[in-house]
Participant: 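Here it is, the structure, as structure tokens.
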Amino acid sequence: SFHSEVYSEDSRERARLRLVLTSSMAAVRATNQTPLNGKYYTYRDWNTLSKLDVENWGSCYQWSKAESEKKAWEMIQSCNNRWKKEQQQSNINAETMLEMVALC
């Protein structure tokens with residue numbers, strides 16, 4: 001889902017778009033993968049163990065969830081970099097930000 005807001009700050013127009021991604025713990029952890037801090041999972045944890053394996057559909061599912069979410073984060077960064085570059089080249093006095101929140 002998207003949430004957007006536009007506001008003015010110091011005569012500089014800002015548009016903020018927020019994408020809420022419904023994620024899965026499969027993106028965070030593989031079967032038997034422990035948290036990096038040894039206690040609980042945080043935003044720093046990624047599923048790094050699951051692989052594409054025709055003999056294990058669960059591993060394939062977990063791998064696909066992790067890869068999909070990583071790609072979404074890359075796309076957000078790419079969009080923000082492109083917008084920033086276009087605004088600088090066009091000398092536009094505006095700032096657009098695309099934010100993403102992933103919820104498990």
Participant: Are V20 and L103 packed together at the side-chain level, in the sense that at least one heavy-atom pair is separated by less than 4.5 angstrom?
Facilitator: yes
Participant: When you look at CE of M75, are more than 12 heavy atoms from neighbouring residues, nucleotides or ligands closer to it than 6.0 Å?
Facilitator: no
Participant: What is the minimum heavy-atom distance between Q62 and T31, and which atoms define it?
Facilitator: NE2-OG1, 3.3 Å
Participant: With I76, which of L21, L98, N81 fulfils side-chain contact (heavy atoms from CB on, under 4.5 Å)?
Facilitator: L98
Participant: Is it the case that the side chain of N47 and the backbone of A26 share a donor-acceptor pair, with hydrogens and angles ignored and the cut-off at 3.5 Å?
Facilitator: yes
Participant: Indicate the atoms forming the closest heavy-atom contact of T48 with Q33, along with that distance.
Facilitator: N-OE1, 3.4 Å
Participant: For S59 and K51, indicate whether the former's side chain and the latter's backbone hold a donor-acceptor pair under 3.5 Å.
Facilitator: yes
Participant: What is the distance from atom OG of S78 to atom CH2 of W73, rounded to the nearest 0.5 Å?
Facilitator: 14.5 Å
Participant: For the NZ atom on K70, are there more than 12 heavy atoms of other groups (residues, nucleotides or ligands in this structure) within a distance under 6.0 Å?
Facilitator: yes
Participant: With no hydrogens and no angle check, is any side-chain donor or acceptor of N80 less than 3.5 Å from a backbone partner on Q77?
Facilitator: no
Participant: List the atom of M25, the atom of Y41, and the distance in Å for their closest heavy-atom pair.
Facilitator: CE-CD1, 3.8 Å
Participant: Within a 6.0 Å radius of atom CZ on R82, are there more than 12 heavy atoms belonging to other residues, nucleotides or ligands?
Facilitator: yes
Participant: Mind listing the closest non-hydrogen atom pair of A27 and K65 along with its distance?
Facilitator: CB-O, 3.7 Å
